[in-house]
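Have a look at the structure below before the remarks.
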Number of protein chains: 2
Amino acid sequence: MTFGNYIRQTRSNLCEKDKKYSLRQTAQRIGVEPAYLSKIERDEVAPPSEATICKLAQDLSIDADVLLAMAGKVSKELQDIIKQRPQLFAELIRQLKNAPDKAVLRVVREIRDGDW
Amino acid sequence: MTFGNYIRQTRSNLCEKDKKYSLRQTAQRIGVEPAYLSKIERDEVAPPSEATICKLAQDLSIDADVLLAMAGKVSKELQDIIKQRPQLFAELIRQLKNAPDKAVLRVVREIRDGDW
DNA sequence: TGTCATGTGTACTACATAGTACACATAATA
DNA sequence: TATTATGTGTACTATGTAGTACACATGACA
């Protein structure tokens with residue numbers, strides 16, 4: 001599933017229940033030209049900027065991290081956290097590269113619930 | 001310490017022992033014009049591309065992740081790993097944002113040594 | 001003392017990013 | 001049926017990125 005396809009599908013599903021999710025009205029809310037959103041949804045152009053993706057995610061109730069990933073991006077926010085301690089996070093992420101989801105999830109929980 | 005300052009300092013230290021670390025020769029090895037490297041070292045321009053930073057890191061024996069961080073970047077490689085599982089990694093990184101180094105290190109070791 | 005290497009100033013450039021502006025055909029609706 | 005809203009085609013643009021090309025002054029050194 002491409003970025004554009006996913007947006008179009010999500011938006012037009014919402015549009016069936018509520019006309020405010022028409023392409024034009026959605027474009028207006030997120031602050032871009034309708035023609036541009038149209039091109040985005042048909043993958044005629046590359047995905048938009050991080051800021052625009054986040055507005056889109058919020059408007060369509062999509063997880064911003066996931067939508068950014070579909071666009072081939074990682075949020076500046078996460079990048080900033082990594083840059084604070086590049087060696088540590090780089091090693092951690094590489095270690096977890098091939099770990100199963102279960103393992104990563106276990107680490108997340110440990111940290112959340114643990115006595116750090 | 002800025003990116004440029006750090007490069008200049010590292011390079012000129014090396015240059016004292018070995019003239020092959022002159023600005024011109026270094027520039028040639030990493031594949032850029034001397035004038036450009038000069039501007040980089042004096043922070044007259046923004047840090048170069050990821051590819052050029054990595055060549056610099058290798059040539060000057062600097063940790064690439066650290067050098068990239070000084071340039072305000074996170075490697076595409078790490079970003080790609082995150083994009084594979086955006087929700088999981090986003091949560092993990094945010095959880096660890098305010099954790100002390102010791103805690104992150106403990107997690108790294110646990111994963112490295114553990115039975116994942 | 002002539003040559004060679006060094007670092008730097010100035011001017012220019014190719015390509016990518018992230019869009020806008022406007023016209024147009026079609027579909028819905030009052 | 002006149003109006004309004006909708007999605008899209010075409011053309012254009014501003015800004016940023018990542019450099020190159022060449023000339024020039026200075027210092028080393030053989």
Side-chain angles (χ1 to χ4, degrees), chain A residues 2-57 59-60 64 67-76 79, chain B residues 2-57 59-60 64 67-76 79:
Chain A
T2 66
F3 181 83
N5 277 211
Y6 185 61
I7 297 297
R8 167 138 303 185
Q9 197 167 308
T10 305
R11 185 187 58 70
S12 46
N13 279 345
L14 289 168
C15 195
E16 280 171 29
K17 310 273 165 184
D18 188 342
K19 279 184 295 184
K20 82 173 191 184
Y21 289 103
S22 77
L23 185 149
R24 276 182 118 94
Q25 291 187 43
T26 303
Q28 171 143 21
R29 278 193 307 278
I30 67 167
V32 299
E33 290 292 312
Y36 185 44
L37 181 54
S38 171
K39 276 178 275 190
I40 290 169
E41 291 194 350
R42 287 171 295 120
D43 297 301
E44 205 190 283
V45 296
S49 67
E50 178 173 340
T52 299
I53 289 171
C54 288
K55 284 185 219 158
L56 211 45
D59 196 82
L60 305 180
L67 199 53
L68 283 164
M70 293 196 77
K73 308 189 189 211
V74 170
S75 75
K76 291 294 173 207
Q79 291 191 45
Chain B
T2 66
F3 181 84
N5 277 211
Y6 185 62
I7 297 298
R8 167 140 303 185
Q9 196 167 307
T10 305
R11 186 186 58 72
S12 47
N13 280 347
L14 289 169
C15 194
E16 281 171 29
K17 309 274 165 184
D18 189 341
K19 280 183 295 182
K20 83 171 191 183
Y21 289 103
S22 76
L23 185 149
R24 276 183 119 93
Q25 291 186 44
T26 303
Q28 171 143 25
R29 278 194 305 279
I30 67 167
V32 300
E33 290 291 313
Y36 184 46
L37 181 55
S38 171
K39 277 177 274 190
I40 289 170
E41 291 194 351
R42 288 171 295 120
D43 297 301
E44 205 192 282
V45 297
S49 67
E50 178 173 340
T52 299
I53 289 171
C54 288
K55 284 185 218 160
L56 253 170
D59 196 82
L60 305 179
L67 199 53
L68 282 164
M70 293 195 77
K73 309 191 188 209
V74 170
S75 74
K76 291 293 171 208
Q79 292 191 44

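What you see below is based on every heavy atom in this structure, not just the backbone, and it leaves out hydrogens, waters and symmetry mates. Just so we're on the same page: letters track the sequence lines, and every chain starts at 1.
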Problem - Global bending angle along the helix from dT1(C)-dA30(D) to dA30(C)-dT1(D), which compares the axes of five pairs at either end, to 10 degrees - result: 0°
Practice task
Could you pull out all residues at least two apart from Ser12(A) that satisfy side chain to side chain donor-acceptor pair (under 3.5 Å)?
Solution key: none
Exercise for the section: Rounded to the nearest angstrom, tell me the gap between atom CG in Leu23(A) and atom P in dT4(D). Expected result: 21 Å
Completion exercise
note: Glu41(A), atom CD; dG9(D), atom C1'; distance rounded to Å ~ 16 Å
Exercise for the section: Before giving the answer on side chain to side chain contact (heavy atoms under 4.5 Å, CB included), spell out for Lys76(A) and Gln79(A) the whole-Å C-alpha distance, their side-chain angles and the decisive distance to 0.1 Å. Expected result: CA-CA 5 Å; Lys76(A) 291 294 173 207; Gln79(A) 291 191 45; 4.1 Å; yes
Practice task
Look at Gln25(B) and dA5(C) and indicate whether a side-chain polar atom (N or O) is within less than 4.0 Å of OP1 or OP2.
Solution key: no
Exercise for the section: For residues Val74(B) and Val74(A), determine if any side-chain heavy atom of one lies less than 4.5 Å from a side-chain heavy atom of the other. Expected result: no
Exercise for the section: Figure out the CD1/C1' separation between Ile40(A) and dG7(D), and round it to whole Å. Expected result: 14 Å
Practice task
Quickly work out the Lys20(A) NZ to dT6(D) P distance and round it to whole Å.
Solution key: 14 Å
Handout entry: Protein-nucleotide distance (Arg42(A), atom CZ; dG7(D), atom C1'), rounded to Å
Key = 8 Å
Handout entry: Any residue meeting side chain to side chain contact (heavy atoms under 4.5 Å, CB included) with Ala69(A), in chain and number order, not counting sequence neighbours
Key = Lys83(B), Pro86(B)
Problem - Derivation of the side chain to side chain contact (heavy atoms under 4.5 Å, CB included) call for Thr10(B) and Tyr21(B) - result: CA-CA 10 Å; Thr10(B) 305; Tyr21(B) 289 103; over 6 Å; no
Handout entry: Value in whole Å for how far the C1' atom of dT17(D) lies from NZ of Lys76(B)
Key = 12 Å
Handout entry: DNA chain D-proximal residues of residues 44-57 of chain A, any heavy atom under 4.0 Å
Key = Glu44(A)
Handout entry: Gap between atom CG of Leu60(B) and atom OH of Tyr6(B) - 0.5 Å precision
Key = 9.0 Å
Practice task
Take nucleotides 20-30 of chain D nucleotide by nucleotide from the 5' end and write B, S or -, depending on whether a protein heavy atom sits under 4.0 Å from the base, only from the sugar-phosphate, or from neither.
Solution key: BBB--------
Practice task
Return no unless some side-chain N or O of Ser38(B) is found under 4.0 Å from OP1 or OP2 of dT8(C).
Solution key: yes
Exercise for the section: Kindly write out the residues that satisfy side chain to side chain donor-acceptor pair (under 3.5 Å) with Thr52(A), not counting sequence neighbours, or none if the list is empty. Expected result: Ser49(A)
Handout entry: side chain to side chain contact (heavy atoms under 4.5 Å, CB included) against Lys55(B), all qualifying residues, sequence neighbours excluded
Key = Ile30(B)
Handout entry: Near-strand residues of residues 5-12 of chain B, defined as heavy-atom separation under 4.0 angstrom from DNA chain C
Key = Arg8(B), Arg11(B)
Exercise for the section: For Arg29(B), check salt bridge (Lys or Arg N to Asp or Glu O under 4.0 Å) against everything at least two apart and list the hits. Expected result: Asp59(B)
Exercise for the section: Identify, with sequence neighbours excluded, every residue that meets side chain to side chain contact (heavy atoms under 4.5 Å, CB included) alongside Gln9(A). Expected result: Met1(A), Asn13(A)
Practice task
Could you tell me whether the side chain of Pro48(A) reaches within less than 4.5 Å of the side chain of Ile40(A), counting heavy atoms only?
Solution key: yes
Handout entry: Rounded distance (nearest 0.5 Å) linking atom CD1 of Ile7(B) with atom CG of Leu37(B)
Key = 8.0 Å
Practice task
Measure from CG on Asp43(B) to P on dG9(C) and round the result to the nearest Å.
Solution key: 13 Å
Exercise for the section: Could you note down all residue pairs passing salt bridge (Lys or Arg N to Asp or Glu O under 4.0 Å) where residues 10-26 of chain B supplies at least one of them, sequence neighbours left out? Expected result: Arg11(B)-Glu41(B)
Fill in the blank from the handout: In whole angstroms, the gap separating P of dG7(C) from CG of Leu37(B) amounts to 9 Å
Handout entry: Under the salt bridge (Lys or Arg N to Asp or Glu O under 4.0 Å) test, residues paired with Arg42(A) that sit two or more places apart
Key = Glu44(A)
